[in-house]
Protein chains: 2
Amino acid sequence: MNYELLLREHHLKVTPQRLGILSLMVDAGHISVEDLFAQIKQEFSSISLATLYKNINAMLHNALIKEIKVPHMKPKYEVTKPPHAHLLCQGCNEFMDIDINVNALVDEASKKSHYQLLDSSIVLCGYCEKCQKQSV
Amino acid sequence: MNYELLLREHHLKVTPQRLGILSLMVDAGHISVEDLFAQIKQEFSSISLATLYKNINAMLHNALIKEIKVPHMKPKYEVTKPPHAHLLCQGCNEFMDIDINVNALVDEASKKSHYQLLDSSIVLCGYCEKCQKQSV
DNA sequence: GTATTTGCAAATGATTTGCAGTGCT
DNA sequence: AGCACTGCAAATCATTTGCAAATAC
C-alpha cells in the first residue's frame, strides 16, 4: 500500500512518523494507542505520545482511520475499510475482522426506524475454537 | 421492577444509593456516568463519584448492568436486557434500542468463525427522520 | 518562506484507591 | 458482630494543550 499517497489524498502532510503509524496499523489490523506507541518507538525512539495522539486525531478527523470501541478494552484503531464486523475472544483476546452480511442488518434497522444509517460499530464477543476446548 | 430483588439475585447488598442508581438507569434506558451523577445527586446530595463508580463496577461485574461503548461518546450503561442493537443519531444525539434480528447475524458469524458467541455490542449511526429533514 | 508538525513539559479530565466511619444482614 | 458500603481525599492513568525548535512543501 502507498502510504504517501494515502496521506496526501486525505490532505495530511507526509512525515516519517505518520508513515510509520500507518504501516504499523495496517500490519496489526487493529491496534491500541499503547501498543502502537511501544512498537513505533522501536523505529523512532524520539517520538512522543503527544505526537502519536495528535496524528491519530488528525487521521480520525479525515476518516483515514477509524476508532473501534471494544467492551472492556482500550479503543483500537484501524485504517478505514468497507463496513464489517469484529470478533473478540474473551479467552485469548484475539480481535479480528469477520466478513458477514452487515448490510442486511443495517437495512432492516433503517426500514424499522426511518434512520438514514451511515456507519456501524459491531463487536461480537465469545470464545474462539481453541479457547472453547481449553475451558472444558 | 423490584430493584431490591434484582440486587439480591446478583449478590449485592441493598443500599439506598444502589436502588437510586438502578431506578435512574431503567428510567433513562441508557445513561452516562456524568448524567447519572448529576441526577442522583438530586436525590442523595451527599453521594460521591467514587461510590457511583464502585457501584457501576460491582454491577458490571455481576452482569446486572452492561456497558455500551458508543463511537465519539462517553460510555453508557443499561440494565441487562436480551440481545439487541442500538441506534445513534449524529444530529440530535438520540440514542435508543432497536429491535432487530441480531440472532441471524450472530449465527452467521458463529458458523463462519467457529466462535462460540455469547454477547454482542452493536451501534448503528446516522440521522433520525427529523435530523435528515433539517440538514437539507 | 510559510505553515505545519514535532517533542517536551505541564495541564486537564476521568477513574481508581486507601482509609476511617457507617450501615446492612 | 462482622463484613460490605460510603464518602472523602489523594493517587493514578489517559489524553490534551501550549510553546519553541525542526520539518514539509
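On a predicted model such as this, the values are computed, not experimentally measured, just so you know. Convention: sequence-line order gives letters A, B, ...; per-chain numbering from 1.
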Nucleotide by nucleotide, nucleotides 17-24 of chain D touches protein heavy atoms under 4.0 Å in the pattern (B base, S sugar-phosphate only, - none) BBB----S
Within the supplied structure, the quantity of interest is the number of heavy atoms (other residues, nucleotides, ligands) at a distance under 6.0 Å from B:Glu34 CD; does it exceed 12? no
Check your understanding: In terms of hydrophobic clusters joined by side-chain contacts under 4.5 Å, are A:Ile122 and A:Leu117 together?
Key -> yes
Between CG of A:Leu52 and P of D:dT16 the distance, given in whole Å, is 11 Å
Side-chain N,O (A:Asn57) to OP1/OP2 (D:dT16) below 4.0 Å: yes
From NZ of B:Lys74 across to C1' of C:dG13 the rounded distance in Å is 8 Å
To the nearest angstrom, the NZ-P distance between A:Lys69 and D:dA14 comes to 15 Å
Rounded to whole Å, CG of B:Leu12 lies from P of D:dA4 at a distance of 12 Å
- [ ] State plainly whether one hydrophobic cluster holds both B:Leu64 and B:Leu5, where clusters connect Ile, Leu, Val, Met, Phe, Trp and Tyr through side-chain heavy atoms under 4.5 angstrom apart.
- [x] no
Here the distance between atom P of D:dC3 and atom NE2 of B:His11, to the nearest Å, is 19 Å
* Got B:Lys130 and B:Lys133 here, is their nearest side-chain heavy-atom distance under 4.5 Å? -> no
To the nearest angstrom, the CD1-C1' distance between B:Ile56 and D:dG7 comes to 16 Å
Neighbour count above 12 (heavy atom, 6.0 Å) for B:Glu129 CD:
yes
Give a yes or no on whether the ring-centroid distance for A:His30 and A:Tyr77 is below 6.0 angstrom.
-> no
note: A:Asn62, atom CG; C:dT4, atom P; distance rounded to Å ~ 13 Å
Does the side chain of B:Ser46 get closer than 4.0 angstrom to OP1 or OP2 of D:dG7 through an N or O atom? yes
Q. Do any side-chain nitrogens or oxygens of B:Gln17 fall under 4.0 Å of OP1 or OP2 in C:dG23?
A. no
Legend entry - Side chain proximity check, B:Asn103 to B:Leu105, heavy atoms < 4.5 angstrom: no
To the nearest angstrom, the CG-C1' distance between B:Asn55 and C:dC24 comes to 13 Å
Residues in residues 19-40 of chain A with a heavy atom under 4.0 Å of DNA chain C, by number, are none
Under a side-chain separation threshold of 4.5 Å, the hydrophobic residues clustered together with B:Tyr127 are A:Leu118
Separation between OG (A:Ser113) and CG (B:Asp99), nearest 0.5 Å, reads 12.0 Å
